[in-house]
Amino acid sequence: METANRNKSETIRKKIQQWSEENPRPMPWRSIKNPYLIWLSEIILQQTRVMQGWDYYLKFSESYPTVKDLADAHIDDVLKNWEGLGYYQRARNMHAAAQQIVSTFEGRFPDDYDSIRSLKGVGDYTASAIASFAYGLPHAVVDGNVIRILTRLFGISGIITSAPVRRSIDALADEVLDKDRPGKHNQAIMDFGAMQCTPAPRCESCPLTADCSAFKDNLVGQIPLKKKPRPKRERFFYYIVFHQEEDLYIKKRSQKDVWEGLYEFYLIEQPEVRDWHQVVEHLPIPCDLEYETAHYKQTLSHQIIHARFALAAITGDRLLKEGYSAVNKKKMRNFAFPKIVDCYLRDKGVNLN
DNA sequence: CACACGTGGGA
DNA sequence: TTCCCAAGTGT
């Protein structure tokens, strides 16, 4: 049995390698050995499509050519470069990790798996990717692509997040790994998952159907098996855009919540739809209100956010405190905003870029 | 370990 | 329109 699996793994390894040579995918972070830039690309590509991350990678590698440049940057600038890419914790972790590399590793990117894995925001997948791509170390990547390929090929029908299933996938990934060319192999198997063994599979043109358990049992559409997502929570944001002459008041989101580190206006969150007159009963300072008619909606991974905006012209001498900054309209482009706030500002004609 | 964390694109 | 995501990690 073990011998059979080993033979199958060898067949898979060779066929995927051959497929990869026939289907090259040039990308800016391919064929480089710079561990910092490889790391950058891997963080950007987490849960992100290649096309969406492409320009961000170019922008980051230009703005921060070295890990020292990134470490020295202000987090607001890093987030501004990240603006629109989502999962902003990645940017904050990467910035912290850059400083970690400067302080702990003397500015030299670590070159062993455990040190790489110790960086903030670097998990098992990313550590294996960097170790294999930059240093040729024999660590198999296990990402969504690899999980999809291996569960189908080996007919693993259990829920993929369960610990035993995940362990068996990791073991298979190690077995299939080409220890002589780990980097090339890892890129090949991920490409294969991205282009051939896709969620909606293309079995009619797949070179591995003869070796595929799911194909044989007509289970390709049911593997990999995932848990059903929970229904999304609905939230209702009422933004008060306090302003005075050419200044708008904004504040950085700091709580452990969505969009941490990004900027927004004075926010009143309600558990359900409310009339504006109820929402604005207890504003902190005197103002003249003008309610915007447009409503904005954004669907996130685990919540649906509805946002309305009201302009609030400050009438008295009192100013907003507690973390709020008055920012000239022309300087708003220096700050990173959530998509939903960005959309509002664009609709209002505020110059953001 | 279940859950939160963003956004844009394709079917 | 609605759903499912896309090179995962931290808590």
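Here is the naming used below: chain letters follow the sequence lines, and residue numbers restart at 1 for every chain.
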request  = Would you classify A:W29 as touching base, sugar-phosphate or nothing, given that sugar-phosphate means primed atoms plus P, OP1 and OP2, and contacts are heavy atoms under 4.0 Å?
outcome  = base
request  = May I ask you to say what A:R148 touches in the nucleic acid, namely base, sugar-phosphate or nothing, with a heavy-atom cut-off under 4.0 Å?
outcome  = sugar-phosphate
message = Any base atoms under 4.0 Å from A:L85, or only sugar-phosphate, or nothing? Heavy atoms, all strands.
response = base
query = Near DNA chain B, under 4.0 Å by heavy atom, which residues of residues 48-78 of chain A?
reply = A:T48, A:R49, A:Q52
ask   = Which part of the nucleic acid does A:M27 contact within heavy-atom distance under 4.0 Å: base, sugar-phosphate only, or nothing?
value = base
note = Among the nucleotides B:dT7, C:dC5, B:dC5, whichever has the atom closest to the side chain of A:Y88 is B:dT7
key: Option among A:E234, A:H295, A:K297 that satisfies the side-chain hydrogen bond (donor to acceptor under 3.5 Å, both in side chains) test with A:H306   = A:E234
key: Backbone N/O of A:A71 and side chain of A:Q99: donor-acceptor pair under 3.5 Å   = yes
ask   = Between B:dT7, C:dT9, C:dA6, which nucleotide gets closest to the side-chain atoms of A:W259?
value = B:dT7
query = Looking for any heavy atom pair under 4.0 Å, which part of the strands does A:R30 touch: base, sugar-phosphate only, or nothing?
reply = base
ask   = Between A:K226 and C:dC5, does any side-chain N or O lie under 4.0 Å from OP1 or OP2?
value = yes
inquiry  = Could you check whether atom CD of A:E106 has more than 12 heavy atoms from other residues, nucleotides or ligands sitting under 6.0 Å from it?
reply    = no
request  = Determine whether any donor atom in the side chain of A:S301 lies under 3.5 Å from an acceptor atom in the base of B:dG6, or the reverse, and answer yes or no.
outcome  = yes
request  = Please step through salt bridge (charged side-chain N to carboxylate O under 4.0 Å, His left out) for the pair A:R235 and A:D257, ending with a clear verdict.
outcome  = CA-CA 12 Å; A:R235 304 174 72 177; A:D257 193 0; 2.8 Å; yes
message = If I take atom CD1 from residue A:I305 and atom OH from residue A:Y296, how far apart are they, to the nearest 0.5 angstrom?
response = 15.0 Å
task = When you get a sec, tell me which of C:dG10, C:dC5, C:dG8 is the closest nucleotide to the side chain of A:N93?
result = C:dG10
message = Any base atoms under 4.0 Å from A:T161, or only sugar-phosphate, or nothing? Heavy atoms, all strands.
response = nothing
ask   = Looking only at atom P, what distance separates B:dG8 and C:dT9, rounded to whole Å?
value = 23 Å
message = Would you say A:L311 ends up clustered with A:Y291 if hydrophobic residues are merged whenever their side chains have heavy atoms under 4.5 Å apart, either directly or through other cluster members?
response = no
message = How long is the straight-line distance from CG of A:L262 back to CD1 of A:I340, given to the nearest 0.5 Å?
response = 13.0 Å
ask   = Start at the 5' end of DNA chain C and walk down; is the nucleotide closest to A:G121 or to A:E42 reached first?
value = A:E42
